[in-house]
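Only one structure is covered here, and it is reproduced in the block below.
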Amino acid sequence: MLNVSPIPAFQDNYIWLITNNNHAVVVDPGAAAPVERVLAERGLTLEAMLITHHHHDHTGGVQALLAQWPHARVYAPAAERLPAPGSIALNDGDAVSLPELGLELEVMAVPGHTLGHIAYFAASPAPRDQVPQGQPLLFCGDTLFSGGCGRLFEGTPSQMYQSLSRLAALADDTRVYCTHEYTQANLAFCRAVEPNNPELKKYLQKVAKSRQQGVPTLPSSIGLEKAVNVFLRAHLAGVRAAAQAHEGAELIENIDVFAALRRWKDDF
Ligand SMILES: [Zn+2]
């Protein structure tokens, strides 16, 4: 049975572990030790590593894991420095086959946070799998967070807006596996932009409770993010008005609203 679970790393990273029976794949292993610990505890074999972008907190564990698991395949964006010799370089539209898990993933180019950033999407995890209930899966690295989006370290606001628009077009029930537990701080910003969004109020309460209990707020879903995440709501009149008021200037295009929100959040 397919299962996805978080391995916490560093301050607030999640390394997502995808398993089926004793076969394991990890997404963005920034550190090897916490992954090794879970693999050993659960008697799992590491078959592959999926990398979304080149930042060290997403790739730092690759070499040490390869030393332990020399047959594990490493998938990474073709447009960025590969994390290890022999990595399989991926471009937009490529397919990643993980037969050990019975899982097929599609590669989506989502530049913005970094220029070569990719996401991995499974439109239909095998129906026999009960967890996560056959819903589509998205591993989006540092592109989309719950209530937020990645900082624009390399790309332009236009690139990031297009990348997020592509993700927002996925099915509402797509489970979104972000790489950082930033949700609570992100939602404080969303509340500053949209203080009267009822879905946001509900979600804020739920997230506060999860954090009190030390439970991850992830995965999220595309439907939820479209309802609460201001970076997916730049086309709405209320969000535009708030961005204009903060910017002190008229914002004509959705992308200008998005860019203003990103600047606002950078200083929030
Ligand atoms: Zn990053």
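Numbering of ligands and ligand atoms starts at 1, following listing order.
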Going only through I, L, V, M, F, W and Y residues with side-chain contacts under 4.5 Å, is there a path from L103 to L90?
yes
Do R166 and D92 meet the salt-bridge criterion of a basic N to acidic O distance under 4.0 Å?
yes
Assess the pair H54 and H117: is the distance between their ring centroids shorter than 6.0 Å?
no
What do you reckon, are the aromatic ring centroids of H58 and H180 less than 6.0 Å apart?
yes
Basic-acidic side-chain contact under 4.0 Å: D266, R262:
yes
Strictly below 4.0 Å, N to O, side chains only: are E47 and R73 in salt-bridge contact?
no
Closer than 2.8 Å to the Zn ion (ligand 1) - protein N, O or S atoms, ordered by chain and residue number
H53 NE2, H55 ND1, H113 NE2, D142 OD2
